Amino acid sequence: MAQNTRTVGTPTNVTQKHNKGGIGESTLRPDGTLKVTGEFAYSSDMWHEDMLWGQTLRSTVAHAEIVSIDISEALAMPGVYSVLTYDDLPAEMKNYGLEIQDTPVLANGRVRHHGEPVALVAADHPETARRAAAKIKIDYRELPLVTDEASALAADAPLIHEGRDDHHSGHVPHPNIVHRQPIIRGNVEEARKRADVIVEGEYTFGMQDQAFLGPESGLAVPSEDGGVDLYVATQWLHSDLKQIAPVLGLPEEKVRMTLSGVGGAFGGREDISMQIHACLLALATNKPVKIVYNRFESFFGHVHRHPAKLWYEHGATKDGKITHMKCRIVLDGGAYASASPAVVGNASSLSVGPYVIDDVDIEAIALYTNNPPCGAMRGFGAVQACFAYEAQMDKLAAKLGMDPVEFRQLNAMEMGTIMPTGQVVDSPAPVAELLRRVKARPLPPERQWETAGEGADVRALPGGLSNTTHGEGVVRGVGYAVGIKNVGFSEGFDDYSTARVRLEVINGEPVAMVHTAMAEVGQGGVTVHAQIARTELGVTQVTIHPADTQVGSAGSTSASRQTYMTGGAVKNTCEAVREALLEMGRRKNGSYHPAWAHAELLLEGGKIVTDGGEVLADIADILENEAIDLELEFRHRPTVAFDLKTGQGDGHVQYTFAAHRAVVEVDTELGLVKVVELATAQDVGKALNMLSVVGQIQGGTTQGLGVAVMEEIIVDPKTAKVRNPSFTDYLIPTILDTPTIPVDVLELADPNAPYGLRGLGEAPTLSSTPAVLAAIRNATGLELNKTPIRPEALTGTL
């Protein structure tokens, strides 16, 4: 069980007094019972009585010219309604993309990665569609592969995208570089002379999959106006809309999108998967078309976390102060850009970690290769950097003979620290305190597998369930790590969210309806939005309208931004509704009671009251048969793009911090690891719902654990083909792999944020991975510079 403590710091800007079910309470998810009982409707459960089934044919090679495509046998099959290739696409625009429109809807004469979509089939049964797709004959002429930095940047390297325009003002030195971001501050060479010790390291971070359990799925229904209604599991409805409409040749108002039940996301649903394909088939057949990926196809249907090569150098004085840092980060973006430019921005600007280092020389790049496309995943570039810089912190501490936690605390940033980008950290940054808390927590007892008077509990042993060990050669290790993550969209992006709130009387009770386009992917926005409405409007009954594109954009459910941004939009709109209600009350009753004009008025328990507690009226009596219905946007303070030569600029709106202590037991003979505990401490600014907060922290911690010891998509370097696209071969932590995760929550308000809150979903994913690696190093004495840690790396058979 998690042990939770709360430290309340700066007062938060709550404008209303307590209302039952409001912010600060651990209210339950409205969809929780349905999900636990299996009654919740996910997108894969959708049905239409007249629907067809869609199937995607994907390339079997990673880089090839398409010499010919023969669809005749597929079209001749009974039950097949349509087969589409690139030549059948209806609009001039045939590419899409999050930031760079370089991804073809269907391969155009060439495939650039294993599993790229080449053709579509619609049939009256899913098995018919599958068999028809298998009958499509494609003649490939394979082309030379680009699989790593050397092959991508060679003078004679094949270009993944020939004739590519330079999207970044001439600062990209090679067409196979998607984006490059240097950050230069101070004078590294002069600072290096002051260093008494210097350490460097090369680190490799594997390709991680988001591994959401609900596969990509959706239902497209053609409409009488020539448009289409799309019901889909996604992370960003309006971004999908802007990419879908042009390739369908339709105005945006004729593509109506509604969020369906989402079975997890973690960044993997930011990009388009089956959305366009389902719409194309629906419009071609004039029938509803449903597409549901199986698990194998899901591994090819979404982007993954960028694998990375990282080189770091740090120096420090003998008293433990860091003098300088140099690093180079190379991210493999795969065949298409996806979110790679923004990932590079995060990786570079956060590569120094939560430390004070005045002199830095940083370069981060993302490459085009023939490997699977990579893009957004929880942590978004900061995860890879944290893995490397935290290993460097341990190396420096060891070389100086210092305690690794005390060394970090000595160099920890705090409020007022200047980031390598020149940005001042202007809200609490309790890095040293987070480290103190995880270190101060009591360690779990030694040799937990030993039971007094009984045999060993094999479940507590490394590899114990496979009966390979009974405790021989098991060594304990303890490791620490801390990380820094940005919150919200950065680098000058116009980051905003929209909320519509309607207040009316239903059956004699005031009821608030909250309508946003926020994608609920499990993070709990549907819970928090109701809590905000209860707090600001003093009502008990709150209805959450289904998310769709009939309201303004809420932005993506990513970047730890939704509670900050869409929560902020709900708060602002509720405040405007409240003021409209009070103004209505003043018009109706102001002449009868002077408090309407002179007192501070609040909404509590369905009533309008003064701050002294005097009841002036029931909300229902003021509204009567009228309704107040407002839609407003919310923006955070502006950011700016990083300078493309120096990396300077106020690129981020908020920072969030988490620390971990990992306790592991390693069977050094078999190379097996058991993570016993992953204690964490995190500052959340203000916990709007503590139950949800703890769940997010524990979930992020578990994903970090996965990439530390088991998760990696294996791509064959000779063929660029994915070797393990299934949960049989791509392993994720189960309940038996997941340790106790005690959580220590700080609440140090950010004065610039709604309620003082701090985005929290991604930060625990950063530091959990290097903490586990540090603990394994502590147990074994090995350097271990690659994730995930495999048995052969621990036994010397690698």
Side-chain angles (χ1 to χ4, degrees), residues 41-57 71 74-75 77-96 104-106 117-130 132-133 136 215-234 236-262 269 272-293 297 301 517 519 546-551:
Y42 290 97
S43 58
S44 55
D45 296 318
M46 289 186 295
W47 193 267
H48 195 288
E49 60 183 6
D50 194 31
M51 75 182 187
L52 303 175
W53 294 80
Q55 179 70 45
T56 308
L57 178 68
I71 64 173
L75 275 173
M77 281 186 64
V80 172
Y81 280 70
S82 181
V83 179
L84 303 178
T85 66
Y86 179 88
D87 291 336
D88 300 307
L89 299 181
E92 288 188 19
M93 171 61 78
K94 293 177 170 59
N95 284 12
Y96 64 91
V105 173
L106 294 169
V118 179
L120 305 173
V121 175
D124 59 5
H125 190 279
E127 184 61 16
T128 302
R130 185 191 68 79
I136 298 173
E216 291 85 347
S217 51
L219 176 67
V221 182
S223 56
E224 292 182 358
D225 66 356
V228 64
D229 293 279
L230 178 62
Y231 305 86
V232 67
T234 181
W236 192 352
L237 286 164
H238 284 79
S239 175
D240 287 3
L241 176 62
K242 290 184 181 301
Q243 296 173 77
I244 294 169
V247 298
L248 298 182
L250 294 174
E252 289 185 5
E253 58 268 21
K254 285 194 175 184
V255 182
R256 294 163 292 271
M257 298 185 65
T258 301
L259 184 75
S260 56
V262 183
R269 298 188 200 268
I272 295 290
S273 59
M274 47 62 59
Q275 292 95 314
I276 296 173
H277 296 163
C279 291
L280 286 169
L281 290 171
L283 293 170
T285 61
N286 200 33
K287 285 180 173 290
V289 173
K290 177 178 178 177
I291 295 180
V292 179
Y293 289 174
E297 187 172 12
D548 56 32
T549 52
Q550 304 309 301
V551 68

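Everything quoted here is computed from the prediction, not taken from an experiment.
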Pairs meeting criterion side-chain hydrogen bond (donor to acceptor under 3.5 Å, both in side chains) with involvement of residues 239-249, two or more places apart:
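Qualifying pairs: Thr234-Asp240, Ser239-Gln243, Asp240-Gln275.
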
To the nearest 0.5 Å, tell me how far [X] [atom1] sits from [Y] [atom2].
X      : Y      : atom1 : atom2 : result
Thr128 : Met77  : OG1   : CE    : 5.5 Å
Asp88  : Leu120 : CG    : CG    : 9.0 Å
Leu241 : Leu230 : CG    : CG    : 9.5 Å
Arg256 : Thr258 : CZ    : OG1   : 9.5 Å
Glu216 : Arg269 : CD    : CZ    : 6.0 Å
Leu281 : Lys290 : CG    : NZ    : 15.0 Å

Is the shortest heavy-atom distance from the side chain of [X] to the side chain of [Y] under 4.5 Å?
X      : Y      : answer
Val228 : Val221 : no
Leu89  : Leu280 : yes
Val121 : Leu57  : no
His48  : Leu219 : yes
Ser273 : Tyr293 : yes
Val83  : Ile136 : yes

Please find the pair of heavy atoms, one from [X] and one from [Y], that lie closest to each other, and give the distance.
X      : Y      : answer
Ala91  : Pro246 : CB-O, 3.2 Å
Trp53  : Ala129 : O-CB, 3.8 Å
Ala282 : Ala220 : CB-O, 3.7 Å
Val289 : Ala278 : CB-O, 4.0 Å
Leu248 : Cys279 : CD1-CB, 3.7 Å
Pro288 : Pro222 : N-CD, 3.6 Å

Under a 3.5 Å distance rule, please check whether [X] uses its side chain to pair with a backbone N or O of [Y] as donor and acceptor.
X      : Y      : answer
His277 : Leu106 : no
His238 : Val551 : yes
Asn286 : Leu283 : no

Would Ser223 and Asp225 count as having a side-chain donor-acceptor pair, cut-off 3.5 Å?
yes

Between the side chains of Ser217 and Ser44, does any donor sit under 3.5 Å from an acceptor?
no

Can you name the one residue among Asp229, Ile244, Asp548 that meets side-chain contact (heavy atoms from CB on, under 4.5 Å) with Met257?
Ile244

Assess the residue pair Tyr86 and Val105 against the criterion (side chain to side chain contact (heavy atoms under 4.5 Å, CB included)); give the C-alpha distance rounded to whole Å, side-chain angles, the decisive distance to 0.1 Å, and a yes or no.
CA-CA 7 Å; Tyr86 179 88; Val105 173; over 6 Å; no

If you apply the rule side chain to side chain contact (heavy atoms under 4.5 Å, CB included), what do you find for Leu259 with Val232, and how did you get there?
CA-CA 5 Å; Leu259 184 75; Val232 67; 5.9 Å; no

Asp124/Lys287 salt bridge by N-O under 4.0 Å criterion
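Salt bridge between Lys287 and Asp124, a charged N being under 4.0 Å from a carboxylate O: no.
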
